[in-house]
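The structure displayed is predicted, hence computed values, not measured ones. Values reported hereafter were calculated over all heavy atoms of this structure, with side chains retained and with hydrogens, waters and symmetry mates removed.
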Amino acid sequence: MSPAELVEFVEGLASRPELWSHLVEHDRAARTYSELLRDDDVAAWLICWMDDHDTGFHDHDVSSGAVAVVAGSVREDRLVLGAAPTTRVVSAGGAFSFEASDIHRVRHVGTQPAVTLHAYSPPLWRMGAYEVRPEGRLLRHSVSYAEELRPIGGVAA
């Protein structure tokens, strides 16, 4: 599925809370997440955010994706060579997409817990989590889709 098709998919899923609202559960210590669907074309997830929850910079290996925000707000930062990351805040009712090649991070913002719906195509299996070393080197760590993304050591980017 293309990024535009994935946005349409997550927006459609967002319009059907009977499929996912019973899974909303917030935990201050960590994001909570539930896989809603996995087939040959797409995987869909519900993720709950609060306080300082942060994925750290990561990629989605060969999968493109889209995110619909159904409650609260999240901030997406995309890594840009030679410049500060590009940043946008997306609140309830908004959505964004990304290519498989994008390196980004998503963080909770605001005082209200957030809930997001994610779709990945092809279905997510591996991701790259990035560590920014003090000397400026970027190191990629391969992680399973089942592992919770968090910032990795090094310095803040």
Side-chain angles (χ1 to χ4, degrees), residues 3 6-7 9-38 42-61 63-80 84-100 102-121 123-134 138-157:
L6 289 165
V7 167
F9 181 90
V10 293
E11 288 176 337
L13 189 56
S15 73
R16 300 195 54 207
E18 69 276 9
L19 298 176
W20 50 263
S21 62
H22 63 285
L23 298 169
V24 172
E25 181 180 339
H26 294 282
D27 180 344
R28 289 191 189 285
R31 290 184 311 280
T32 59
Y33 45 95
S34 299
E35 188 172 45
L36 304 173
L37 167 75
R38 177 176 289 271
V42 67
W45 291 79
L46 170 112
I47 302 180
C48 300
W49 309 74
M50 55 190 314
D51 300 332
D52 295 324
H53 295 172
D54 181 354
T55 63
F57 281 106
H58 64 282
D59 66 44
H60 297 91
D61 200 33
S63 302
S64 294
V67 177
V69 181
V70 295
S73 300
V74 296
R75 172 179 154 174
E76 183 204 27
D77 300 320
R78 288 201 189 181
L79 201 56
V80 177
T86 60
T87 297
R88 64 176 150 188
V89 173
V90 183
S91 297
F96 62 93
S97 65
F98 47 88
E99 299 285 346
D102 288 325
I103 299 172
H104 75 160
R105 81 188 303 165
V106 180
R107 306 183 215 197
H108 173 259
V109 294
T111 58
Q112 299 299 313
V115 178
T116 53
L117 297 168
H118 301 238
Y120 305 99
S121 183
L124 197 58
W125 287 106
R126 304 286 314 159
M127 296 177 290
Y130 290 85
E131 176 183 0
V132 181
R133 299 297 303 151
L138 194 63
L139 300 178
R140 184 181 191 272
H141 301 269
S142 183
V143 296
S144 163
Y145 77 95
E147 294 177 57
E148 182 185 6
L149 287 171
R150 293 179 177 258
I152 298 174
V155 298

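- With sequence neighbours left out, the side-chain hydrogen bond (donor to acceptor under 3.5 Å, both in side chains) criterion links Thr87 to Asp77.
- Inter-residue side-chain proximity for Leu37 and Leu19 is flagged as unmet; no heavy-atom pair is nearer than 4.5 Å.
- Contact record, Val10 with Val67: CG2-C, 4.0 Å, taken as the closest heavy-atom pair.
- Taking CG of Leu117 as the start and CZ of Arg16 as the end, the distance is 12.5 Å to the nearest 0.5 Å.
- In terms of heavy-atom proximity, Pro113 sits nearest to His108 at CA-NE2, 3.9 Å.
- Residue Tyr120 holds its OH atom at 10.5 Å from CZ of Arg38, rounded to the nearest 0.5 Å.
- Evaluation of the ring-ring contact (aromatic ring centres under 6.0 Å, His included) rule for Phe98 yields His60, His104 as partners, not counting sequence neighbours.
- Distance check, rounded to the nearest 0.5 Å: OH of Tyr33 to CG of Leu46 gives 12.5 Å.
- Within the 4.5 Å cutoff, the side chain of Trp49 has heavy atoms near those of the Thr55 side chain.
- For Glu99 against Pro3, the heavy-atom pair with the smallest separation is OE2-CG, 3.5 Å.
- Using a 4.5 Å cut-off on side-chain heavy atoms (C-beta onward), Ile103 and Arg140 make no contact.
- Nearest heavy-atom pair, Val115 versus Val24, reported as atom, atom and distance to 0.1 Å: CG2-CG1, 3.9 Å.
- Sorted by first and then second residue, the side chain to side chain donor-acceptor pair (under 3.5 Å) pairs with a member in residues 19-28 read Arg28-Asp51; sequence neighbours excluded.
- Note that the CZ atom of Arg78 and the CZ atom of Phe96 stand 7.5 Å from one another [nearest 0.5 Å].
- A salt bridge does not link Arg75 with Asp54: every distance from a Lys NZ or Arg NE/NH1/NH2 to an Asp or Glu carboxylate oxygen is 4.0 Å or more.
- Glu76 CD to Asp102 CG: the interatomic distance, rounded to the nearest 0.5 Å, is 7.5 Å.
- Side-chain atoms of Val74 and Thr116, non-hydrogen and from C-beta on, do get closer than 4.5 Å to each other.
- Ala119 approaches Val42 most closely through the heavy-atom pair CB-CG2, 4.0 Å.
- Nearest heavy atom pair, residue Gly56 against residue Arg105, reads O-CB, 3.2 Å.
- Ser97 has its side chain out of reach of Leu6: every pair of non-hydrogen atoms, C-beta onward, lies at least 4.5 Å apart.
- Within the 4.5 Å cutoff, side-chain heavy atoms of Phe57 are placed close to those of Pro85.
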